[in-house]
Amino acid sequence: MSASLDGKPRNGRLESFTYDDGIVKLFVIATLIWGVVALFLGVTIAFQMADWHVNLGLPWTTFGRLRPLHTNAAIFAFCGNAIFAGIYYSHQRLLKARLFSDTLSKIHFWGWQLIIVSAALTLPFGITTGKEYAELEWPIDIAITLIWVVFAVNFFGTIIRRRERHIYVAIWFYIATILTVAVLHIVNSLEIPVTLTKSYSLYAGVQDALVQWWYGHNAVAFFLTTPFLGLMYYFVPKAANRPVYSYRLSIIHFWSLVFIYIWAGPHHLLYTTLPEWAQTLGMVFSVMLWMPSWGGMINGLMTLRGVWDKVRTEPSLRFMAAALTFYGMSTFEGPLLSIKSVNAIAHFTDWIPGHVHSGTIGWNYMLIAGILFFLVPKLWNTELYSKKLAHQQFWFVTIGLVLYIISMWVAGITQSMMWRAMDDAGNLIYPNFVETVIKITPMYWIRAIGGTLVLTSFIMMMYNFWKTIKNGKKEAPVVYEAYALDSSSIEHDASAHRKLEGWPMIFSVLSLIAILVGSAIEIIPSLMADKYVVKIDAIKPYTALELYGRDVYIKEGCYLCHSQTVRPMAHEAVRYGKVSNAAEFVYDHPFQWGSKRTGPDLARVGGKYPNMWHYKHFFDPREVTAGSLMPQYRWLFDSKIDYKTLPKKLEVMRKLGVPYSQEEIDNSVADARAQAKMIAEDLAQSGVPMKIAEMDVVALIAYIQRIGVDYGSIPEEE
Amino acid sequence: MSSKDQEQDKLLVHEDEKHLLLDHSYDNIQELNHPLPNWWNTIFIVSTVYAIGYFVYYQYMGGPSLREEFKKDFTEVAAVRDHFKKQNEIFNPDHYQAIVADDGLNKGKAVYELNCMPCHMERGAGDVGPNLTDDHWIVAKGTPDTVYQVVFNGSEENGMPAWGQLIPKDEVYQAVAYVMSLKNTFVKGKEPQGEKIEE
């Protein structure tokens with residue numbers, strides 16, 4: 001069977017070809033499977049916040065280990081597979097060319113699934129770099145790079161073989177995505193391996209924070225936004241059977257979005273020790289980003305003009321319209337949260353996870369659902385099993401999401417107000433951090449229930465598609481015909497941008513330049529660390545045991561509930577102590593400032609409590625702090641310190657510029673044993689058996705007792 | 001599938017936008033060329049001007065940095081705290097009597113259970129902090145004023161927080177009242193520490 005595509009007179013050869021939809025089907029199925037896994041993990045950790053028992057007392061089910069698994073599964077497995085499905089489907093059609101190589105497509109698919117499986121087999125076991133959204137260890141980082149290159153070759157190879165001269169706006173967004181994600185991933189993942197499963201970030205402290213949040217923010221931008229905008233530009237007009245609202249707007253909002261987005265990373269680091277000019281850039285670029293983001297929303301929603309009746313009846317359009325609306329909401333909230341005075345209230349609170357989920361559920365899940373309702377019946381050559389079920393699903397996810405967002409607004413603002421409340425005497429009204437936690441626990445329940453509704457909605461969709469696919473009919477692949485690219489499609493009097501659309505490689509280079517400008521201006525100064533951070537002599541490297549304890553801290557994901565940075569605000573100085581200084585973190589590979597204060601800041605915790613307090617607290621937090629939601633860490637009491645890795649760890653740190661002497665490296669094991677013995681002797685006074693000296697918990701205590709001590713010992717300069 | 005593709009109903013283009021339809025077509029997707037909405041243009045320009053103005057003011061025209069603003073705020077707070085501390089670190093026996101008279105013991109028990117129990121355990125048996133029920137004392141001397149001193153100012157290098165700056169003044173007095181009631185009740189717990197105080 002053949003289908004002719006358009007009727008223009010051509011002088012090129014007429015060619016026939018088919019599209020590879022098999023690979024799209026595979027990615028669709030993977031999207032559904034990983035989607036339910038990601039949501040299930042999300043619901044699990046939501047219940048863990050509401051009731052600590054849900055941590056189950058096992059290392060691999062505890063919050064600090066499952067949270068990275070949830071985020072990685074949601075972003076890279078669920079959204080990732082959806083992106084690949086949507087791009088591979090639309091890319092071929094927009095270019096009238098089969099994907100460059102079926103083999104590369106298969107390598108791409110299976111390679112990506114293997115990466116996801118290896119994430120699932122490492123993160124729960126505490127194998128992590130400790131950098132948010134980039135937790136996967138170095139061998140997996142390399143695999144990601146290779147598979148991304150495969151994807152890029154397949155993608156650009158298809159462009160080279162295209163039969164359509166100009167590239168459509170969807171493809172502009174795909175190009176920006178592929179290039180930027182490659183740059184972000186490689187720069188942020190530079191690390192030196194210690195073992196097969198452990199590495200230290202090349203960067204330390206402020207520098208690491210800057211690179212990490214340049215990456216983290218742009219993972220949102222170029223993994224969860226630009227590819228989805230590209231998909232939106234293909235699937236919304238297709239599903240609505242309407243022309244896109246404004247080509248001019250596409251151009252302006254594409255270029256302004258990719259140029260501006262990359263600068264906004266430092267809005268994750270407001271009030272930290274990052275130099276203030278960089279913080280200010282992060283803030284003002286976020287504000288400027290508002291309209292470029294809304295350009296996408298306008299182009300999507302206005303394309304639906306005249307078909308709103310179909311939005312009510314067609315599941316695909318309904319989900320797409322909701323996705324665009326939530327996209328508009330969260331891209332308004334984002335700039336708002338970047339304004340310093342608003343950020344002062346919202347940062348470190350539950351408002352931020354609320355914001356994130358209005359993006360990931362409201363925009364990504366909804367758009368993916370919209371695309372799948374369009375695609376699945378087409379790919380499997382049948383009708384959707386049940387529209388009614390799809391509409392019910394829509395209400396489940398919408399209500400679940402609204403519960404999530406509102407409960408997190410309330411929780412975030414309530415807690416933030418309690419943190420800063422002071423009486424006339426300048427005393428905190430809620431000096432006990434845990435009071436502020438207990439207060440918002442009901443909100444954690446509401447969030448968990450909202451999440452459960454979202455998970456349920458997804459299962460409804462899976463069932464709907466299962467029934468649809470079972471009804472699928474096999475049909476021989478359609479053979480299409482089109483002319484090879486020839487001179488007839490060159491538009492000599494076209495506008496400059498139109499011409500550019502005919503030169504995809506130049507287009508790619510320009511978009512690469514657009515994202516490199518902001519990256520270079522913000523990051524390069526930090527690499528000249530000598531001037532960037534003024535060192536303080538009193539701040540010394542960690543001892544061998546403390547370094548080991550720090551790795552336990554990273555392994556357990558403590559940074560997911562605790563920050564380590566005191567912001568320059570009076571109430572924080574009263575609650576925690578001295579405001580942080582950039583020099584404190586120069587040996588921190590990776591930095592551990594965290595992004596959420598589910599528990600209190602730990603930057604000044606060293607020496608705050610006796611060793612025994614921590615000993616009891618790690619065994620059962622509620623023994624010392626009634627009402628705490630922190631998990632128990634009982635396995636740390638009988639897992640042995642792996643002393644033999646210490647020399648290698650110190651050596652790698654020395655390579656990274658931490659001034660350990662050869663003697664310290666050679667004696668690291670003996671030094672660590674001696675320090676562990678001292679702590680154990682102190683604990684023994686309260687009746688703890690001496691064999692605790694061999695256990696991980698002692699190393700963790702050593703680290704905790706060291707945090708902030710060097711800087712704290714310096715007299716306050718006036 | 002192809003039959004469906006061909007059947008596809010004609011693209012829906014409204015009468016008032018026909019003149020805006022471009023002749024681009026990608027997989028049957030076409031584009032209109034509406035001008036940018038005015039409000040969109042305006043907000044984009046205003047936010048850009050605001051961004052430049054904000055950056056220039058705070059970076060080049062002497063706008064206060066976050067650290068400077070903090071120093072100003074904190075100096076004020078620190079002064080208030082200092083004043084309060086000076087006023088209250090001296091034990092006031094009359095106030096103490098008034099607090100005791102006002103159900104001080106029960107209120108003190110509540111304060112104790114929220115703040116002190118993690119370290120001194122139930123009924124003062126001691127664990128991280130010393131046993132408060134024996135006749136031995138490390139810092140205090142077993143009298144309300146000396147107990148008040150430790151509770152208010154802490155013994156921070158040894159792990160006892162300075163509660164005077166953490167909880168309201170009256171709660172410190174209430175806690176003292178409760179601690180006094182534990183004295184010489186000899187609850188089994190941590191071994192006595194410090195010096196024996198005879199009365």
Side-chain angles (χ1 to χ4, degrees), chain A residues 1 3 6 93-94 164 166 168 234 237-238 241-250 252 271 276-277 280-281 283-285 287-288 290-292 294-295 298 302 305-307 340 378 381 422-428 431-432 475 478 568-570 573-574 579 609-610 612-613 616 624-625 686, chain B residues 1-2 4-6 8-9 11-14 17 21-22 24-37 40 43-44 47-48 50-52 54-55 58-59 65-67 69-70 73-74 76-78 80-81 84 114-115 117-119 127-128 157-159 161 165-169 190:
Chain A
M1 222 184 295
D6 77 26
R93 285 163 171 81
L94 289 169
E164 184 78 72
H166 299 98
Y168 174 58
Y234 180 82
K238 271 277 165 199
N241 200 27
R242 281 270 303 150
V244 171
Y245 174 71
S246 171
Y247 166 66
R248 207 170 309 171
L249 184 57
S250 299
I252 305 263
Y271 293 92
E276 283 194 23
W277 64 266
T280 305
L281 281 182
M283 166 182 152
V284 298
F285 273 89
V287 172
M288 279 192 278
W290 179 22
M291 280 304 115
W294 273 25
I298 297 170
M302 296 300 279
R305 183 175 159 225
V307 291
K340 287 181 189 162
K378 273 206 166 35
N381 199 21
M422 279 198 256
D423 65 13
D424 297 344
N427 283 353
L428 297 168
N432 265 324
E475 202 178 301
V478 185
M569 297 174 190
V574 170
V579 169
Y609 301 112
M612 192 59 202
W613 189 94
K616 289 169 63 173
V624 284
T625 313
S686 304
Chain B
M1 200 205 265
S2 69
K4 230 180 272 159
D5 275 1
Q6 280 161 344
Q8 200 176 45
D9 24 356
L11 198 67
L12 176 66
V13 183
H14 304 295
E17 57 185 23
L21 195 65
L22 298 173
H24 309 165
S25 171
Y26 306 88
D27 194 27
N28 296 330
I29 296 176
Q30 288 200 271
E31 291 168 291
L32 297 165
N33 205 11
H34 277 280
L36 307 177
W40 187 93
I43 301 182
F44 194 22
S47 62
T48 306
Y50 166 80
I52 295 170
Y54 186 98
F55 190 80
Y58 282 100
Q59 256 8 88
S65 71
L66 296 178
R67 301 259 153 183
E69 284 178 357
F70 161 71
D73 284 0
F74 190 65
E76 284 168 27
V77 170
V80 172
R81 288 168 65 78
F84 171 83
L114 184 62
N115 299 297
M117 218 152 79
C119 296
D127 183 37
V128 173
E157 58 288 1
N158 295 328
Q165 306 251 286
L166 294 173
I167 58 179
K169 178 184 80 170
K190 208 172 179 189

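Keep in mind that what you see is a predicted model, and the values were worked out from it rather than measured. Proteins come first, then strands; the chains are lettered A, B, ... in the order of their sequence lines, and each starts at number 1.
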Residue list, ring-ring contact (aromatic ring centres under 6.0 Å, His included) with A:Tyr168, at least two apart or on another chain = B:Tyr26
Between A:Tyr271 and chain B, which part of the residue has a heavy atom less than 4.5 Å away: side chain, backbone, both or neither?
-> both
For residues A:Ser686 and B:Lys190, is any side-chain donor paired with an opposing acceptor at under 3.5 Å?
-> no
What part of B:Ile43 lies closer than 4.5 angstrom to a heavy atom of chain A: side chain, backbone, both or neither?
-> both
Which value, rounded to the nearest 0.5 Å, describes the distance between B:Glu69 atom CD and B:Arg67 atom CZ?
-> 12.0 Å
Counting only heavy atoms closer than 4.5 Å, note whether A:Leu281 contacts chain B via side chain, backbone, both or neither.
-> both
Which residue out of A:Met302, A:Lys340, A:Arg242, A:Met288 racks up the most heavy-atom pairs below 4.5 Å with chain B?
-> A:Arg242
With a 4.5 angstrom heavy-atom cut-off, could you sort out which part of B:Ile29 is near chain A: side chain, backbone, both or neither?
-> side chain
Under a 4.5 Å heavy-atom cutoff, which of B:Val77, B:Leu36, B:Asn33 has the most pairs with chain A?
-> B:Asn33
Relative to chain B, which of A:Thr625, A:Asp423, A:Ile252 shows the most heavy atom pairs under 4.5 Å?
-> A:Ile252
Among A:Asn432, A:Asp424, A:Leu428, single out the residue with the greatest number of heavy-atom pairs under 4.5 Å to chain B.
-> A:Asn432
Top contributor to chain B interface from A:Ala425, A:Gly306, A:Pro610 [non-hydrogen pairs under 4.5 Å] | A:Ala425
Side-chain donor or acceptor of A:Trp613 paired with backbone N/O of B:Cys119 under 3.5 Å | no
Structural part of A:Met569 lying under 4.5 Å from a heavy atom of chain B = backbone
Who wins among B:Leu166, B:Asn158, B:Asp73 for the most heavy-atom pairs under 4.5 Å with chain A?
-> B:Leu166
CG of B:Leu12 to CD of B:Glu17, rounded to nearest 0.5 Å, is 7.5 Å
Looking at A:Trp294, A:Tyr609, A:Tyr234, which one has more heavy-atom pairs under 4.5 Å with chain B than the rest?
-> A:Tyr234
Looking only at non-hydrogen atoms, find the nearest pair between A:Val574 and A:Met422 and report the distance.
-> CG2-SD, 4.4 Å
Region of A:Trp290 in contact with chain B, defined by heavy-atom distances below 4.5 Å | side chain
Rounded to the nearest 0.5 angstrom, the CE-CG distance for A:Met612 and B:Asp127 is 5.0 Å
Could you look at A:Met283 and say if it's the side chain, the backbone, both or neither that has a heavy atom under 4.5 Å from chain B?
-> side chain
Check whether B:Pro35 gets within reach of chain A through its side chain, its backbone, both or neither, counting any heavy atom under 4.5 Å.
-> both
Do side-chain atoms of B:His24 reach the backbone of A:Tyr247 as a donor and acceptor pair under 3.5 angstrom?
-> no
Do you know which of B:Leu21, B:Ile167, B:Leu32 has the most heavy-atom pairs under 4.5 Å to chain A?
-> B:Leu32
Identify the two heavy atoms, one from A:Val624 and one from B:Pro118, that lie closest to each other, and give their separation to 0.1 Å.
-> O-CG, 2.7 Å
Count the heavy-atom pairs under 4.5 Å between each of A:Gly295, A:Pro431, A:Pro568 and chain B, then report the option with the highest count.
-> A:Pro568
Heavy atoms only: give me the nearest B:Asn28-A:Lys238 pair and the separation to one decimal.
-> CB-NZ, 4.2 Å
Against chain A, label B:Glu76 side chain, backbone, both or neither, depending on which of its atoms sit under 4.5 Å from a heavy atom there.
-> neither
For B:Ile52, is it the side chain, the backbone, both, or neither that has a heavy atom closer than 4.5 Å to a heavy atom of chain A?
-> neither
